[in-house]
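Below, chain A is the first sequence line, B the second, and so on; all start at residue 1.
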Amino acid sequence: MAVFSGLSEKLNHIFAKMTKRGKLDEYEIKQAMREVRIALLEADVNIGVAKQFINSVSEKALGQDILKSLSPAQQVIKIVNEELTALMGSTNSKLETSSSPTVIMMCGLQGAGKTTLCGKLAVYLKKQNKKTLLIAGDVYRPAAINQLKVVGEKAGCEVFDMGQGNPVEIARKGAERARSFGFDYAIIDTAGRLHIDDTLMTELEDIKKAVNPAEILLTVDSMTGQDAVNVADTFNKRLDVTGVVLTKLDGDTRGGACLSIKAVTGKPIKFSSVGEKLTDLEPFYPDRMASRILGMGDVLTLIEKAEQSISEEQMKKIEKKFKENSFTLDDYLEQFDALKNMGDIKDILGMLPGVGNKIKLDNAQVDEKAVERMKAIILSMTPKERRNPAILNASRKQRISKGSGTTVQEVNQLIKKFEMSKQMMKNMKGQRSFRF
Amino acid sequence: MGFFGKIFSALKKTKDKISEKLSALFSGRRIDDEFFDELEEILISSDISVTTSMEIVDELRERVKRDRISENEGVVAALKEILTQTLEKAEPLEIQTPAVIMVVGVNGVGKTTTIGKLAAMLASGRKSVTIAAADTFRAAASDQLTVWANRADVKIIKSSEGSDPSAVVFDALTSAKAKKTDYTIIDTAGRLHVKSNLMEELKKMSRVVEREYPEANFYKLIVLDATTGQNAVNQIEFFDEAIGIDGIVLTKLDGTAKGGFVVSMCGELEIPVVYVGTGEKLDDISPFDKDEFVEGLF
């Protein structure tokens, strides 16, 4: 995933210069911080927030005898990392609950992604065996109610609507229904509105009074620019929101808006939305995000994902096979499946330390379809061929290409890739323990 | 004072309108280096890209020196002139009939609403308009567009959710050719510019238009949300590379964000802003006026 990769690229570049120097003076820290500031601004971090951040980091960097330390760059990275984490909030937050039903109210500008988020939250809660009622409170945008109904159907939960009625009434009646029918959660979708639209902001205040929600989630497009502070501040002042959800983080935005929002509201960022599927919702981990900003990769998430999709046993089996040099195309196939379980390949590559900024992921064009084709090629081989690809002659290759709907060239490419990874694994063995 | 407290008070200042900041900056100040640094920050805070802001300030610094400008009014005038000249680098777009207008953009920028308003505006000149509901991905997108088509009183061609968007485009073009429709407007699903498979889909739709209706003038408009930050430039670059962008529609200008990033787009990419959207009513759309836009920034 390309989140923040631009910023990490820049910071890495700055710190790479520092590493080369060995020792630093005050002036050089100032230079580095100037570049950090530009990087932050280019990442849409609000000017005020960026300035304050730089001051705070510079103070700490100087105060900690950085000039005497052995690795100044490392120490600066550590401080920047700590400050970024502190700025975004130190731990992730869970959803508040109240006596059933827990009412969650959405709010945000037009097009931030509220309706889709309602469905994603419902799916998220369903995984925890919670029953959710979606309440269609957007009576203004054409077909918004229909959209919520379709989303609700996909998420497998009931949708309450009263057509184009009064949103406050709809919210009240919906919450009542959730209470009397034993729903665990009631999620109120609301119309997108500008923070300066007084009438519509008052309407939100009225909904809040009517249903007393446990959570008021401000949905913010992660591509938002400098204006994010105005928006977040106004919504927070009028509604006292309980948390923020960042959407569209699967783009290449650096997402600096989340730093600004956190700074101006002081409210936790609870979730991030990372794709168009209803399952594409993740808790927001400030520490991981900070590591990502610094190009240290989102190792925590990656390990978690890997553990979910590859069992310890499988790992040992693969490692053993490498050691014995008996890694076959069958094992290769298994790896493809494991990779698929882990999710989008781009996401995984983006989480690896160093990869995010070394390869431009968008240019790398990791194509899941290509993986499917490679799988098809292996599946078109006989067990004997999979064990010993050396026996593949021209006519066998032709048969395989026909069977898998590919070309002989693609078959050749796959064999080459397989041999290469085999060789790579062999070289890596002995260096350090290797995970997948 | 804690970290958040300090940030908050720092924000108090930046929160105010750019115009107020500018007038504060320009009133009774010496025009020195600090002045230019602050000006640069003001430009960045209107989402003009960091590079463009620096260029503008450098240019201004030079003019101030060259023309020996010493009073504030002179600086304001010079700055406005630079901004207007940057916007003028992009040739204005004249849409001529028969026209096929494909509207693209990332999710949630206001494509469907823009099309509704655009259709009404074009239809008001006694012209025939057909809308193609080629957003077959988002739930209820075609329902939403149908409401707009009814409001604008124009024809709509649609298909079921999940069907091939290129097929919808094909149907709309067939109808447009037969009925000699003046404007065919194609709605497309919102897509993040980094999703290569979705960009391929867009290329295909574009090819269908070129192949099926070569006589028509084909315009590809990107819709950009004024609240977007620096990412707007990435968006337009990716879309431009995929299908070639002819013009920009800047939406949600009725908020507090001013969409300063279009200055970079007109200046560097030479892609003009064609329309601006200022609300959710049928007539909340107007042709872009660069002088008005510059005044709006102040």
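One finds no salt bridge joining B/Glu40 and A/Arg37 here, because no Lys/Arg side-chain nitrogen approaches an Asp/Glu carboxylate oxygen to under 4.0 Å. Under the 4.0 Å criterion applied to side-chain N and carboxylate O atoms, A/Lys51 and B/Glu41 are assigned as salt-bridge partners.
Contact between B/Val106 and A/Met223 at its shortest, heavy atoms only, is CG2-CE, 3.9 Å. Nearest heavy atoms, A/Asp227 versus B/Ala257: OD2-N, 3.3 Å. Here the closest heavy-atom approach between residue B/Ala140 and residue A/Gln147 is recorded as CB-N, 3.3 Å. Nearest heavy atom pair, residue B/Gly229 against residue A/Asp44, reads CA-OD1, 3.3 Å. Of all the heavy atoms in A/Lys248 and B/Gly108, the pair that sits closest is NZ-CA, 3.9 Å. The shortest heavy-atom contact between A/Leu194 and B/Gly255 is CD2-CA, 3.7 Å.
When each of B/Val147, B/Thr112, B/Ile44 is checked for heavy-atom pairs under 4.5 Å with chain A, B/Ile44 comes out on top. In terms of heavy-atom pairs under 4.5 angstrom with chain B, the leader among A/Asn146, A/Val151, A/Asn55 is A/Asn146. In terms of heavy-atom pairs under 4.5 angstrom with chain A, the leader among B/Ala139, B/Ala232, B/Ala226, B/Ala141 is B/Ala139.
In this structure, B/Lys281 places its NZ atom where only 12 or fewer heavy-atom neighbours from other residues, nucleotides or ligands lie under 6.0 Å away.
For A/Ile196, the part lying near chain B is the side chain, with the backbone staying farther off; criterion is any non-hydrogen pair under 4.5 Å. In this structure, chain B has a heavy atom under 4.5 Å from the side chain of A/Leu109, while its backbone stays farther away. Only the side chain of B/Met54 comes within less than 4.5 Å of a heavy atom of chain A; its backbone N, CA, C and O stay farther away. Neither the backbone nor the side chain of B/Asn197 comes within less than 4.5 Å of any heavy atom in chain A. Heavy atoms of A/Lys154 lying under 4.5 Å from chain B belong exclusively to its side chain. In this structure, the portion of B/Leu198 lying under 4.5 Å from any heavy atom of chain A is its side chain and not its backbone.
Two residues are said to be in side-chain contact when any heavy atoms from C-beta on lie closer than 4.5 Å; A/Glu42 and B/Thr51 meet this criterion.
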Verdict with supporting geometry, B/Thr227 and A/Gln110, side chain to side chain contact (heavy atoms under 4.5 Å, CB included): CA-CA 10 Å; B/Thr227 39; A/Gln110 291 94 339; over 6 Å; no
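Taken to the nearest 0.5 Å, the CZ atom of A/Arg193 stands 10.0 Å off from the CD atom of B/Glu280. Note: A/Thr247 OG1 to B/Asn107 CG = 9.0 Å, rounded to the nearest 0.5 Å. Rounding to the nearest 0.5 angstrom, the gap separating the OG1 atom in B/Thr228 from the CG atom in A/Asp221 is 6.5 Å. Put simply, OG on B/Ser49 and CG on A/Leu41 are 11.5 Å apart, with the number rounded to the nearest 0.5 Å. Between atom CD1 of residue B/Ile42 and atom CD1 of residue A/Ile47 there is a gap of 8.5 Å, rounded to the nearest 0.5 Å.
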